Amino acid sequence: MTVTESAPITEAARGQAPSPPLDVEPAGLAGILGSGDHKVIGRLWIVASLFHLVLAGVAGGALSLERIDTARFGSVISGEWLAQVFTFHSVSGVFLFLLPLTVGLATLIVPLQIGASTLAFPRAAAAAFWAHLVGGALVVGAYAIDGGPFGTDAGGVGLFIAALGLVVAALIVAWLCIATTVATLRAPGVTMTRVPLFTWSNLVAAGVWLLTLPVLGAVLVVMYLDHTYGGEPGTVFLGGGATVYDRAAWVFTQPAVYALAIPVLGFVGSVVPVLSGTRHRLHKVAMGAIGAYGALSLGMWAMPGFDAAGGLERPWLYDGPWIAMSFLVLLPVLVLVGLWLDTARSGRPAPASPLLYGAAAVLMLLAGLFAGAVQAIEPLEVIDGDVPLFNTTMTTAVAHYVVLAATIALLGAVVFWSAKITGRALAEGIQRAVAALLLVGTVMLAFPDVISGILGQASGLGGSITGRNVEAIEALNALSAAGGVLLILTAALWMVALLAGSVSGERPGDDPWQGHTLEWATSSPPPVGNFAGLPEVTSEAPLYDARHREEAST
Amino acid sequence: MGAVAPTTAVPSTVAPPVPAPLALAPPAPLRRPRVLLVGSALAAGASSLTILSLLAIWLGVRADLVARGQPTLPEGITIELTPGTMNMGTMIMSAVTAAWVVYSLRNDDRPHAYLALFLTLLLGVAFIVQTAYLYQLTGLVIAESPQAVLIYAATGAHVAMTVGGLLFLAVMGFHALGGQLTGRSAEAMSAATLYWWATVAVYAVLWYGIYITK
């Protein structure tokens, strides 16, 4: 690593007359397969994650339709495949789409924001991407051969567990590269308290995931050994493949699911001051709030316990720490919202699409956190029985709110940084419409589940609907399904707009938003090595400082 | 861009970016202190956390067995303390020799650095061989009990971490043999040593959690 990361020594550096530029970055397929450039790797992560968004979205849409009265409208998914589609939607949505998209954006943007010429361990980062791609393909393949958590093909189930383990390992390596980059490769003047909030949020996310994913990896190791070697099929000691989803599902519930939304805070913290044309209020307080949010979303302790009989006890449920974290996690977000409103008030907010994406994401995150706090109140039960709210569709709604908040923010981040990602600007009108439609679709998808959860509908594969509220729940399920379909169509529209913009969008110049941070000090897209020169960095907004110094001098 | 007018204006204090085809000039020289050390520390942390999680799962099942009044190990199985303790001693010695490598490199004492590196690798390989012997001696069969699944998971993952640490040490050793690591740039060997120490520390926890408490 120490040898290969050295910057190339050019003629100019040796004091000789520069020769014609050499094409050191191979073009075509070799440039993709063999690249250690963080921008290429970041783009690969983003493209692969969007492919999996299509798969996860289709599975989610089918599940939404399945929850509508199947006796009246027929079934979309046959019975034996229902559990498979359900788990595939969760697994692919988080591990193959959302986390990879977060990693992709961080890989691409973080080195630019801190003035680094490269990502730490670029070859390890590239290896992480390719390993994730292979692991993701194997996960999909395992489902295709009737593997997956509830599959009947024992080999396929084992393949699923191993492939998911590979995906988790790849994500660990990717986060490790990002964390090391922020810790060690900051440009002169970029102290840790001056790093942009998006970079800071990714450092916090890296810390949280580096503490979370190894625990999940350990669970997968045990489940693989138990499934493959532990006793006879059907009598495996710890539950084997049949319980692997239940043992991994803590990642999709509070508090661990909140960690998926950490970049939301960094993205909004980046766009609000830029699009308001002013400095972020109390930058260090904002950093502390994002750090606090990350600490409160650490959730590996809230996983089902193991016992000798393969049980799945959850002793933490409705216990003090779980309740406390469910409420406390709201506080840092409220602090940040206050800071953003104050920042916007002190400037002139422009209603550009990234700001709309950010506003929609924060609203949905707050809705999810609030619903999560409500379902943590133990005396609250569903209307039609003495069943607690947790594990009703309210739990599903919390996950949907948070995951979709993160999705909205990350799609908005692609729009905001499209000049650096694709070298082109995306059509602003379409992006505003997409932001609004994503907000509407998320509300339509998740809010009915909050109500139907209160009415008593179990989450996931909880069986048929019974009780006095059947008709109301079915109507809510239909509304939720409509929201799911709207989200799928909106995501498709976003992808088409991204594709069109990448091919034929206008070239926006280096700094289309009058940005504050270092990524806007280089060309769009950035060259190899990222920067020809860097401005003096004396605050968290060096370009804002430079612009104002120039105005003052003239 | 709608409400925000796109502009190509760049503040005068910012050097104009070089077009992509000519952008091969090196960026402003950055100090890169401890990149490998920080990355290795994070990798060691993630590896350790995985193995400690495996141990925690075993301890959870073990506590459940104790609560049920059942034996913690399958009938007829005993884990001898001596081989595990020998392993612990081997690992402690290797931690000392690994530190010796770094100390020697920092003092440009290459003969001692090679000797210490050879001893560290030898002790590491000895640890793996001793672990294999311990497996054979214990006679746990993975298909016969959940205890075997969990003990093999935790100790097997640690053996994998040990192999990774040995490879890391060996690669850095080749760098040293090639003359790339000197007293002024022993960071790479420090990073490998840090990872190795984490391997030793994790084994100390396993030794207590599995071989002593059984």
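All values derive from a computational prediction rather than experimental measurement. In what follows, every chain begins at residue 1, and chains take the letters A, B, ... in the order their sequences are listed.
Between A:Phe416 and A:Trp520, the gap from one ring centroid to the other is short of 6.0 Å. For B:Tyr152 and A:Tyr229, the ring centers are positioned 6.0 Å apart or more.
With a threshold of 4.5 angstrom between heavy atoms, B:Ala43 approaches chain A through its backbone and through its side chain. Only the side chain of B:Arg68 comes within contact range of chain A, with heavy atoms under 4.5 Å apart. Interface remark: A:Ile172 contributes side-chain atoms only to the contact with chain B (heavy atom separation under 4.5 Å). The part of B:Leu150 that comes within reach of chain A is its side chain, from C-beta onward, which places non-hydrogen atoms under 4.5 angstrom from that chain.
Highest contact tally toward chain B, considering only A:Val219, A:Val222, A:Leu213, A:Leu216, is held by A:Val222 [criterion: heavy-atom pairs under 4.5 Å]. Taking A:Trp175, A:Phe306, A:Tyr224 one by one and counting their heavy-atom pairs under 4.5 Å with chain B, the maximum is reached by A:Phe306.
Judged purely by atom type and a 3.5 angstrom limit, A:Glu428 uses its side chain to pair as donor or acceptor with the backbone of A:Ser353.
Using bins of under 30°, 30° to 60° and over 60° for the plane-to-plane angle, the ring pair A:His516/A:Tyr544 lands in the tilted bin.
B:Tyr135 and B:Thr155 are linked by a side-chain donor-acceptor pair at a separation below 3.5 angstrom, with hydrogens and angles left out of the test.
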